[in-house]
Each structure stands twice: as C-alpha cells, then as structure tokens.
Amino acid sequence: MWKLASHWLCWFLIFTYVVKDVKTEFKTKRNALLIVADDGGFEIGAYRNKICQTPNLDDLAKNSLIFNKAFTSVSSCSPSRSAILTGTPSHQNGMYGLHQGVNHFDSFNNVESLPKILKKNNIRTGIIGKKHVGPAEAYPFDYAQTEENNSILQVGRNITHIKLLTREFLNSTLDKPFFLYVAFHDPHRCGHTNPEYGQFCEKFGNGEEGMGVIQDWQPIDYQWDEVQVPYYVPNTEAARRDISAQYTTISRLDQGVGLVLKELENAGHLNDTLIIYSSDNGIPFPNGRTNLYDSGIAEPMFIFSPLHKKRRNQVTNSLSSLLDLVPTLLDWYEINKTVIITKQILTGKSLLPLLVKEPADTSKEAVFASHNLHEITMYYPMRMIRTQRYKLIHNINYGSSFPIDQDFYLSPTFQDILNKTKANQPTGWFKTLKNYYERPEWELYDLKHDPSEVINLAGKPNMEDTLQELKSRLIDWQGKTEDPWICAPHAVLEDKGYYKNNSLCMDLDNLW
C-alpha cells in the first residue's frame, strides 16, 4: 500500500460491507474511511503547502483522486457535521447552530442519519472523537467514545488514545460490516477554553511541565516568519504566529491519521477500504469560518478507493459538496436511498463516478450552502449558490452587522485587526472591519476574474440575467429542501392550513 507517516485535524468514517459478485459467486469486502478535519484548511503538501509537514495525508492523496473544488454546505461545526451525517442542509435537518452548551440546537428526532440507515442494513457503526451533534436518538452509534462520555481533548487530540480506541472498535467488529467515524478535534482553536495549552492546544501533551505527554506524538514547532499566509489573512506577525501554532496541531493530526491507518492495516482492512478526507468548515481566521466566501467553505478532499485505480494521484475540478457524502456512501454500500429515505430529499450526488472519469461538461454544475447561526447570538442567515464561474450569496439578515464568534474574537489575529482599526493604523488585511461587518442583501461574484470575491456585481445592468438565473436556481433548491427562510426577509411563508398544498410568499412591503 502506501507509506504511513504524520499530520492534522480530521474525522474518520470507516465503512465495510459485503457484496456478492453474481458472476463469480465470491464475496468482496468493501470498507470505507472518511477523514474530516475540524476547522481544517489546505495546509497540506497535497495542496502545495511547502511548510506544514503532512506526510500521511500527502501519501494518502497520492493514492487518491484529489478534489480542487470541494465545499462544505455550511461553515459552522455542528450544522456541517449534521449535513455530513444526513446529506441534508441544516435548515432541513434542524441543526440550526452549535449543538452543545447554552445553544442547545438539535436535529429533528426523526431525521434519517447515516448511523440509523446503516443499522437498518446490519452494519455496525462507531464514532471516536468529536460528535457535536444531537439528539442521541437521531445519531444512534453502536460504539461511541466522544465528548459526551470523555474529555474532548483526550478523544479528539490525544492521538495515542485515539489509536487505542480505533483498535478496540476494529477488534470488536469481527467479520460484521462496520462504519467508524473518527473525528479529530485538531486543529480547532482552544485558546478561549483552555488558554494554558495555547491558541490551538499546541502545547497539550507536548511534554512541557503541566502539559502531559502524548506518547505517539512528536511535536513539530514552526517558525512564524516562514508560514504560508492565505490571501484572506493579514500578513502580520500576529497572524503568522497564530498560523504557526495551528501548523503544530495540524502535524499532530497528521500523525494521528497515520496511527489510524496503521490500525486499519493491522486489522486487515487497509487494502479493501474506501477512504475520504475532508473538513467540516473553513479555518478560524478572518473571512474563513462562518462565511460563505470560498475562504470559509472551500474544503480539502480526496478519495481513495480499492476498486478504482485509474484516477489515483489525479485532480478533479468537478464541483462537490459535503452534501454529496451520504449519497456517495449509500452508493458504496449499495443501499437504495429512495427506499431508505422517505421523509427527506437528498440534493447531493454520489462522487464514485468521478473515480472513473471526469464529466464531459461541468458548466451546469452548482453547489449550495445554507447558514443560520453559529453561536446563539450569531443570527445571520445566508443562502448561497456557487457554479464554476459565479457565486451568489443572499444575506437574509443584511440589516444587522455580521457577527463574530467567541474563540475567533479573542484570537491574536482578530485582536490585532481590531486594535489597529481603533488606532487608525494599517491592518495588513484586504478588507476593513466596516465592509466586513456591513454587507448588502445580495453579493454576486465572477470567480474567474475575481477569485478573492471583493467586487460585488449585483445591481450591474450587464449582470442582471446572470443574477436572475442564479436566484431562480437558489430558490428552487430552497424549495426542494423545505427551507423555512425561503421567503425572508421581504415576505412571510404561508404553508399551513389553507396554504398547505399551495404555499405562498406573502409580501411585507418592507422594500423601502
């Protein structure tokens, strides 16, 4: 297979099932592993980062199809994880914002999630690490070692502990088909909850006094003046030091990935396992997490399949979404989604055909996103459609300032921007806080000529046809996914009683 080494924050879904080959009468095992990073980005060698050391993920990528245009459906943790596990956007499954703490957002009890569907098909399910979705009856894993019954630092960042839990699960499955979701908490920020461990918990388990030791982790320190700064992050010392701390935990994640892959190999499943790597949302830096700009929703993704060898170490530019993961996995398990799912429409598609060949025409492709809240005080619903050429964002709550989440607010990067703005000093950022906070109702960008998304074309006469076409496609998707915000903010949705079979958006006359 490939060489095992070390790198950063992810989740793992491991799937197996047995399929009968009608022609040969032999049984072929199929396993799958989904790796999803927590607040992850593109700090990986496979995506041309030359500083952050990620040898395990790089080796995995060399044996995979690499996705250049993969996107989350919402740049917020719990809503994104609910979309990954249900194939539906958060406005459809009920996970409107962060699940735990005072927020208490939950998916609907009757949502059809992957663990529910797989249990019905006699597939053993497990989760290790960060869960951050609920309620339990909506996500009923057979085996669960998460923040609900452990310290999240142990099950999400202690790669030795994660290794042993993975071994325990694999040993307990015997020959039964299984689905294991390993959810690394790295490289999520932890500075506001555990400041003693650093901004990204980069000191947790590193052997310093009071930090403890993670046996299998070999910490890597990075020089702040050598990191690669994304275009949407200020090129300042404060931001660079922030990024260098993040790199340390990315490398810890990568080493954890190597340990999990080794356990998979030792259990005899590495050569028959589908492996998917991605992330849940953008990195916790300005213009990143909680935004629907590409810097907030673009995700790393690559897929390894033991049955598809033709496109290994190749790149696809086809648009894909985390809403595609459930259809992909149902396809892998050969579960008929029309039979299993009767109460929710899946708008995503299986990605397995991309492992065979690139689509002849990608011009009509589109991915969609839906954000409502992050923390309970961060009400800023947005809807988005992105095609190969254009992006349209609908800021439903455009009358209010764009909200800032707690851990990002206290970060050195944001505090530097904030303090320099107050002092009327240059921030080194490509935006100002004023135009970051205050957004128009509609944002239209030509991604070919404006990949940084700074020139809003909404309202331009020559872009009116494009605007209307994208609006129509976005509203159609909102209708299919039963979006309660479909009429907001200028009308009220009436879809009960007399209007049950003839829903209408009734005008508020508030366009002054």
Side-chain angles (χ1 to χ4, degrees), residues 1-4 10-36 44-47 56-71 84 87 114 118 121 123 177-182 257-258 260-262 264-265 267-279 299-337 346 348-362 365 367:
M1 210 46 186
W2 58 84
K3 174 186 172 185
L4 298 177
C10 303
W11 306 352
F12 285 121
L13 295 178
I14 302 178
F15 317 86
T16 51
Y17 78 109
V18 176
V19 180
K20 190 173 183 181
D21 188 324
V22 177
K23 293 182 180 180
T24 63
E25 295 299 321
F26 290 109
K27 291 183 177 180
T28 303
K29 283 188 177 180
R30 290 191 184 186
N31 308 315
L33 168 66
L34 171 60
I35 311 171
V36 184
I44 306 168
Y47 287 101
N56 290 299
L57 288 173
D58 296 344
D59 288 339
L60 177 60
K62 290 175 184 176
N63 288 275
S64 305
L65 177 65
I66 301 170
F67 288 70
N68 269 356
K69 295 179 180 178
F71 302 91
I84 288 169
L114 264 176
L118 299 181
N121 285 268
I123 296 170
F178 64 82
F179 161 69
L180 176 62
Y181 170 24
V182 183
V257 170
V260 171
L261 290 177
K262 187 63 178 178
L264 195 67
E265 180 182 38
H269 293 298
L270 188 59
N271 291 324
D272 57 13
T273 298
L274 180 75
I275 302 175
I276 305 174
Y277 170 83
S278 190
S279 176
E299 305 297 349
M301 181 185 285
F302 34 87
I303 300 179
F304 163 83
S305 169
L307 304 181
H308 305 82
K309 301 180 180 181
K310 183 178 180 180
R311 302 203 67 194
R312 290 182 182 177
N313 203 25
Q314 292 187 18
V315 171
T316 176
N317 286 304
S318 181
L319 298 180
S320 62
S321 166
L322 296 188
L323 293 175
D324 297 331
L325 295 185
V326 166
T328 299
L329 295 169
L330 294 182
D331 189 8
W332 178 252
Y333 285 113
E334 295 188 337
I335 297 173
N336 188 337
K337 69 178 182 181
L346 296 182
K349 62 184 183 301
S350 172
L351 300 176
L352 294 187
L354 290 174
L355 303 184
V356 179
K357 64 178 181 179
E358 193 77 353
D361 182 10
T362 62
E365 291 182 338
V367 291

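We number each residue from 1, following the sequence as shown.
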Do you know which two heavy atoms are closest between [X] and [Y], and how far apart they sit?
X	Y	value
P306	D272	CG-C, 3.6 Å
K349	L319	NZ-O, 3.0 Å
V367	S321	CG1-CB, 4.0 Å

Quiz item: With under 30° as parallel and over 60° as perpendicular, where do the rings of Y277 and F302 fit, or are they tilted in between?
Solution: parallel
Would you say that [X] contacts [Y] through its side chain, given a criterion of any heavy-atom pair below 4.5 Å between the two side chains?
X	Y	result
F304	L274	no
F67	L351	yes
L65	R312	no
L57	V257	yes
S278	L322	yes
N336	L330	no

Are any side-chain N or O atoms of [X] and backbone N or O atoms of [Y], one a donor and one an acceptor, separated by less than 3.5 Å?
X	Y	answer
D58	A46	yes
N121	L118	no
S305	L307	yes
R311	L354	yes
N68	T316	no
E265	V260	no

Rounded distance [0.5 Å steps], [atom1] in [X] versus [atom2] in [Y]:
X	Y	atom1	atom2	answer
L261	I275	CG	CD1	5.5 Å
T328	I303	OG1	CD1	6.0 Å
E299	S279	CD	OG	4.5 Å
I276	T273	CD1	OG1	11.5 Å
L346	D324	CG	CG	10.0 Å
S320	M301	OG	CE	4.5 Å

Self-check item: Flag for S318-E365: side-chain donor and acceptor within less than 3.5 Å
Solution: yes
Practice problem: For the pair N317 and T362, evaluate side chain to side chain contact (heavy atoms under 4.5 Å, CB included) and give the outcome as yes or no after the intermediate values. | Solution: CA-CA 9 Å; N317 286 304; T362 62; over 6 Å; no
Quiz prompt | Over 12 foreign heavy atoms within 6.0 Å of NZ, K62 | solution = no
